[in-house]
A.B. asks: 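My questions all concern the structure below.
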Amino acid sequence: MNSDTRFDPSTADARWQNAWDQAQTFRADSNSAKPKSYVLEMFPYPSGRIHIGHVRNYTMGDVLARYKKATGHEVLHPMGWDAFGMPAENAAMEKGVHPGGWTRANIAHMKAQLKRLGFALDWSRELATCEPDYYGHEQALFIDLYEAGLVYRKESEVNWDPVDMTVLANEQVIDGKGWRSGAEVEKRKLNQWFLKITDFAEELLEGLGNLENWPDKVRLMQENWIGKSKGLEFSFDLSNGATLPVYTTRPDTIFGASFVAVAADHPVAQAIDNDAARAFIAECKKGGTTAAELETAEKLGFDTGITAKHPFTGADLPVFIANFVLMDYGTGAVMAVPGHDQRDFEFATKYGLPIPRVVAPSVDDAEKPFDGEAEAGEGVIVNSDFLDGMEVEDAKREIIRRIEDQGRGTGKTVWRLRDWGVSRQRYWGTPIPFIHCEACGVVPAPKDSLPITLPEDVDFQTPGNPLLRHPSWKHVDCPHCGGKAERETDTLDTFVDSSWYFLRFASQPADKPFDAAEVAKWLPVEQYIGGIEHAILHLLYARFWTRALAKMGQIEVKEPFASLFTQGMVTHETYSRKEGGKTVYYAPDEISREAERALLTADGGEVEIGRVIKMSKSKKNVVDPDTIIDTYGADAVRWFMLSDSPPERDLPWSEAGIEGCSRFVHRLWRLFGQYDAGATGEDKPLDRKTHQTTAAIAEDVEALGFNKAVARIYELTGAVEKAAPSASRSAAIRTLVQLVAPMMPHLAEEAWAAIGGEGMVADAAWPAVDSALLVEDEVTIAVQHKGKLRDTLTAPKGASKEDLEAMALASAKVQRSIDGADIRKIIVVPDRLVNIVT
RNA sequence: GCGGGUGUGGCGGAAUGGUAGACGCCGGGGACUUAAAAUCCCCUGAGCUUUGCUCGUGUGGGUUCGAGUCCCACCACCCGCACCA
């Protein structure tokens with residue numbers, strides 16, 4: 001092999017990509033007898049170009065997929081496109097293009113970008129959710145769910161832009177105003193489609209317990225999101241003769257209730273017949289619908305003049321309409337205990353309501369004043385008649401028992417989880433397959449009429465839903481009575497599309513969503529990789545959808561993702577300077593970066609180097625994968641994605657870093673060039689290092705600890721470079737080619753061919769490890785005196801405690817430190833350290 | 001506001017409760033070269049009275065023979081909050 005030849009990614013990359021394509025190296029065979037391994041990364045939204053974050057995500061999955069293949073698995077590693085969504089409609093409005101054309105062009109471009117990175121993907125299973133051969137099956141599944149009683153319609157609030165006369169996504173509401181019109185956003189009720197995810201709350205919660213290969217943080221987030229709470233629902237008698245049911249998770253604090261609050265759309269509030277109340281309720285309609293907005297808004301209330309009789313004290317509590325009470329949770333009314341709930345505390349402070357203490361650290365603290373905030377923690381009950389002195393949990397049980405005895409209410413489990421609203425008043429989504437008939441009501445479209453496809457001739461120049469405006473699309477005959485009827489014009493939330501795509505990858509029959517036998521072969525996904533931002537919604541919806549299909553008997557598997565990994569973002573420093581009073585940002589390719597400063601290439605002026613933050617278009621701190629692949633080749637880019645930062649943490653992109661990676665690619669190539677098939681002689685320490693590294697990298701890759709695997713490859717590379725020629729060295733080089741193959745596949749194929757490896761390295765088995773070579777026979781022992789390191793010594797592995805103690809005491813450095821003091825104790829940790837305590 | 005996470009040299013980070021800083025980047029010095037690039041070698045946490053000693057893992061406490069790691073309190077930053085994907 002000629003070591004003078006430089007490795008040239010600009011020709012080698014494409015050559016091997018074609019070779020893999022030709023040989024169909026990464027095509028998954030479901031009839032294979034090998035153990036199956038389904039490796040999946042969250043599929044991308046085709047926004048236009050591949051983002052560097054995608055590159056990181058897919059590189060991680062790719063290393064695992066290639067490693068799994070090398071270790072004898074039949075690997076399914078597919079790719080597709082989460083292709084419905086708002087950006088396509090925005091492009092249609094801004095550029096006058098069709099969402100479909102825009103999306104498909106993006107897919108073509110992004111697919112070419114992914115190909116350039118050499119990912120080991122089975123492209124024969126590619127799918128796009130915006131194509132009728134995908135969403136038609138989704139419509140069928142939606143009808144199945146309807147027939148299983150898991151779909152219903154109800155009124156629900158949306159963000160309404162009163163100028164554009166259109167529904168806004170939360171993202172389109174900026175500081176309470178519509179992003180285009182700038183008009184104050186209002187809450188408006190619409191009749192919408194819902195999926196009964198709450199029917200599965202209990203099993204979605206319990207199922208988390210079996211997902212031991214999911215990050216604890218994600219399981220915890222889902223648990224809190226589902227939010228099971230045990231509490232009490234009971235009714236107050238109101239001064240107007242009505243009864244008002246409330247729900248509380250803290251019945252133990254009932255003696256601390258100083259007022260009652262209802263949501264603005266609660267029937268009690270709606271029934272109040274005066275202008276001031278109507279004005280206040282209208283005021284509550286202002287603003288958006290997000291939890292963050294509702295909970296950070298100033299607490300506002302309206303005293304209805306109605307009072308509620310306390311079930312134990314008989315006191316008359318004022319009833320307020322309050323903007324922080326949600327109609328969707330519990331009964332839409334709460335007993336407010338300001339001493340022990342922060343929102344109630346703020347409200348009571350503002351409106352001058354009493355703040356009694358009913359929980360205290362001890363019975364002696366019954367009169368302790370509050371320190372400017374509510375105390376929500378544990379303690380004993382005080383100022384509460386028959387509850388005084390009880391622990392919180394005992395008091396909860398006692399109150400529930402007494403309320404139940406009075407026939408006034410009942411202990412109840414309530415979930416924070418709400419049903420999933422899937423209606424969107426938009427064009428670019430899956431049409432909801434239902435028909436509205438005046439005579440027959442809402443009826444599902446006949447299955448043989450599927451797919452119900454989107455009309456192509458649509459207008460985006462007027463705001464609102466193009467399906468609703470379309471002259472003919474919605475007009476159909478009722479499948480029941482044959483009379484005139486109208487199609488549903490709402491489309492499905494794009495989260496529905498991503499709730500079952502992993503099933504469609506396993507098989508793609510034309511006549512049904514999936515083949516149950518193929519699903520059984522491949523599912524669950526062995527390793528799912530994606531961003532932490534999907535920790536709750538996408539992952540919960542996908543779990544729900546899978547369980548719903550299992551309940552309907554369509555599949556066996558209940559949990560779609562056996563292991564989950566959430567990777568960090570790719571970040572970059574920003575470059576900006578003040579120009580005419582405002583901050584202008586510059587892109588990295590407009591900058592020449594020196595050690596301490598950054599200059600704008602155009603005019604040589606210095607710009608400020610800002611914090612390392614998530615890449616975003618507005619800060620211009622983005623890098624384009626195509627450009628860096630052109631410059632450094634796919635392997636250097638892949639190597640960068642795996643180096644340094646632990647994969648779950650953010651990865652700061654830097655020009656210096658990618659250059660270092662590129663240098664390492666060429667350094668490896670030079671080393672591979674030194675392979676000598678005829679070399680003789682044994683180099684035992686190098687053999688040891690090679691086998692230890694092989695074993696450690698296998699462990700690292702299986703645990704997705706790519707940064708550690710990378711560090712070990714650097715170490716082994718250094719060791720091989722320093723070693724004198726020998727058969728061991730040649731074996732180490734050959735092994736090194738295989739160890740880097742999952743990470744730098746193009747370089748590895750080129751080297752594998754050059755050293756005479758059989759076939760392609762992508763098809764080669766992972767190098768065998770001789771376990772006899774994994775153990776060292778000497779160890780370094782740290783000697784501490786009073787917990788501080790004084791000396792290190794070399795001892796045979798497994799040396800006795802007595803020997804280690806004697807060796808430690810024999811050290812001059814140790815004796816100097818002890819300086820004649822009495823030795824009280826010596827702690828010996830075998831093969832590790834000796835600690836002498838004086 | 002609520003829920004979740006992260007914090008270690010100039011930078012990214014490593015470290016089953018047991019030698020803090022592996023490995024990489026940056027920087028400094030040297031070799032090779034007419035010169036440069038490339039490559040190779042050495043140094044690189046801070047301080048000090050430098051055979052060595054002291055300090056040092058966001059801050060303040062605690063447990064332990066021994067704490068980056070365990071416990072308590074706090075600070076800063078990041079992610080999510082149901083119509084962004």
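A note on names: the letters A, B, ... follow the listed sequences, proteins ahead of strands, and every chain is numbered from 1.
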A.B. asks: Report the residue (A:Q342 or A:L651) whose heavy-atom-nearest nucleotide on RNA chain B is the more 5′ of the two.
C.D. replies: A:Q342
A.B. asks: Between A:D419 and A:K196, is the salt bridge (Lys or Arg N to Asp or Glu O under 4.0 Å) condition met? List the steps.
C.D. replies: CA-CA 5 Å; A:D419 276 336; A:K196 268 194 196 166; over 6 Å; no
A.B. asks: Looking at B:rC74, which nucleotide sits across from it as a Watson-Crick or G-U wobble partner, both distances under 3.5 angstrom, or is there none?
C.D. replies: B:rG58
A.B. asks: Just label B:rG9 as syn or anti from its O4'-C1'-N9-C4 or O4'-C1'-N1-C2 angle, using within 90° of 0 for syn.
C.D. replies: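 Chi for B:rG9 falls in the syn range.
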A.B. asks: If the C1' atom of B:rC74 is compared with that of B:rG80, how far apart are they to the nearest Å?
C.D. replies: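 So the two C1' atoms sit 24 Å from each other.
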A.B. asks: Determine the Euclidean distance between corresponding P atoms of B:rA14 and B:rC23; express it in Å to zero decimal places.
C.D. replies: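 Looking at atom P only, B:rC23 and B:rA14 are 14 Å apart.
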A.B. asks: Only pairs with both distances under 3.5 Å count, Watson-Crick or wobble alike; so what is the partner of B:rA36 in this structure?
C.D. replies: none
A.B. asks: Can you tell me if A:R343 has over 12 outside heavy atoms packed within less than 6.0 Å of its CZ?
C.D. replies: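 Counting other residues, nucleotides and ligands, CZ of A:R343 stays at 12 neighbours or fewer.
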A.B. asks: Examine A:K154 relative to A:F194 and say whether NZ or CZ is less than 6.0 Å from the centre of the six-membered ring and inside a 45° cone about the ring axis.
C.D. replies: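 Judged by the rule, A:K154 and A:F194 form a cation-pi pair.
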A.B. asks: Please give, in whole Å, the distance from B:rG52 C1' to A:H785 NE2?
C.D. replies: 17 Å
A.B. asks: Between B:rG3 atom C1' and A:Q222 atom CD, what is the distance in whole Å?
C.D. replies: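 Result: 13 Å.
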A.B. asks: Return the nucleotide paired to B:rC25: Watson-Crick means purine N1 to pyrimidine N3 with N6-O4 or O6-N4, wobble means G-U with N1-O2 and O6-N3, both under 3.5 Å.
C.D. replies: B:rG10
A.B. asks: Would you check if there is a donor-acceptor pair between the side chains of A:S811 and A:D791 at a distance under 3.5 Å?
C.D. replies: yes
A.B. asks: When rounded to the nearest Å, what value does the distance between P atoms of B:rA36 and B:rU59 take?
C.D. replies: 45 Å
A.B. asks: Considering only atom C1', compute the distance from B:rA15 to B:rC79 and round it to an integer number of Å.
C.D. replies: 27 Å
A.B. asks: More than 12 heavy atoms of other residues, nucleotides or ligands under 6.0 Å from CE of A:M165: yes or no?
C.D. replies: no
A.B. asks: For the P atoms, the ones on B:rG3 and on B:rG18, what distance do you get once it is rounded to whole angstrom?
C.D. replies: 33 Å
A.B. asks: Take A:F7 and A:F672 through the test ring-ring contact (aromatic ring centres under 6.0 Å, His included) and record every step on the way to the result.
C.D. replies: CA-CA 11 Å; A:F7 175 66; A:F672 293 159; 9.5 Å; no
A.B. asks: Let me know the distance between NZ of A:K722 and C1' of B:rC41, rounded to the nearest Å.
C.D. replies: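 Spelled out: NZ on A:K722 to C1' on B:rC41 is 10 Å.
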A.B. asks: Should the pair A:R712-A:D700 be classified as a salt bridge under the 4.0 Å nitrogen-to-oxygen rule?
C.D. replies: yes
A.B. asks: If you take the centroid of each ring, where Trp contributes its six-membered ring, are A:Y134 and A:W500 closer together than 6.0 Å?
C.D. replies: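 Yes, the ring of A:W500 comes within the 6.0 Å limit of the ring of A:Y134, centre to centre.
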A.B. asks: What interatomic distance, in whole Å, is found between C1' of B:rC81 and the corresponding atom of B:rU44?
C.D. replies: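 Here B:rU44 and B:rC81 have their C1' atoms 46 Å from each other.
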A.B. asks: Could you state the CG-C1' distance from A:L220 to B:rC2, rounded to the nearest angstrom?
C.D. replies: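 Atom-to-atom, A:L220 to B:rC2, this comes out as 13 Å.
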A.B. asks: In this structure, how many angstroms lie between the C1' atom of B:rU6 and the CD atom of A:E648, rounded?
C.D. replies: 10 Å
A.B. asks: For nucleotides B:rU6 and B:rG13, find the distance between their C1' atoms and express it as a whole number of Å.
C.D. replies: 14 Å
A.B. asks: What is the separation between atom CD1 on A:I818 and atom C1' on B:rC65, rounded to the nearest whole Å?
C.D. replies: 14 Å
A.B. asks: Scan nucleotides 67-85 of chain B nucleotide by nucleotide, 5' to 3', and note B when protein non-hydrogen atoms come under 4.0 Å of the base, S if they reach only the sugar-phosphate, - if neither.
C.D. replies: ----------SSSSBBBBB
A.B. asks: Base contacts versus sugar-phosphate-only contacts with protein, heavy atoms under 4.0 Å: please encode nucleotides 14-24 of chain B as B, S and - from 5' to 3'.
C.D. replies: SSB-BB--BSS
A.B. asks: So that I know where these two stand, are A:Y714 and A:F664 an aromatic pair - ring centroids less than 6.0 Å apart?
C.D. replies: yes
A.B. asks: Please report the distance separating the C1' of B:rC2 from the corresponding atom of B:rC71, rounded so that it comes out in whole Å.
C.D. replies: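 These two C1' atoms come out 25 Å apart once rounded.
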A.B. asks: For a quick check under 3.5 Å, do A:Q192 and A:Q425 share a side-chain donor-acceptor pair by atom type?
C.D. replies: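 Side-chain D/A pair, A:Q192 to A:Q425: present.
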A.B. asks: Look up atom CD in A:Q692 and atom NZ in A:K689, then write down how far apart they are to the nearest 0.5 Å.
C.D. replies: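 Between atom CD of A:Q692 and atom NZ of A:K689 there are 7.0 Å.
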A.B. asks: If you compare every side-chain N and O of A:K299 against the phosphate oxygens of B:rG1 (OP1, OP2), does one of them come in below 4.0 Å?
C.D. replies: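 So the side chain of A:K299 is outside the cut-off, no N or O lying under 4.0 Å from OP1 or OP2 of B:rG1.
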A.B. asks: Measure the distance from CG on A:L208 to P on B:rG4 and round it to the nearest whole Å.
C.D. replies: 14 Å
A.B. asks: Does B:rG52 have a Watson-Crick or wobble mate here (both distances under 3.5 Å), and if so which one?
C.D. replies: B:rC48
A.B. asks: Which whole-number value in Å describes the distance from A:E223 CD to B:rG3 P?
C.D. replies: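 These atoms are roughly 13 Å apart.
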A.B. asks: Quick one: label A:R343 by what it contacts on the DNA or RNA (base, sugar-phosphate, nothing), any heavy atom closer than 4.0 Å.
C.D. replies: nothing
A.B. asks: Quick one: label A:K786 by what it contacts on the DNA or RNA (base, sugar-phosphate, nothing), any heavy atom closer than 4.0 Å.
C.D. replies: nothing
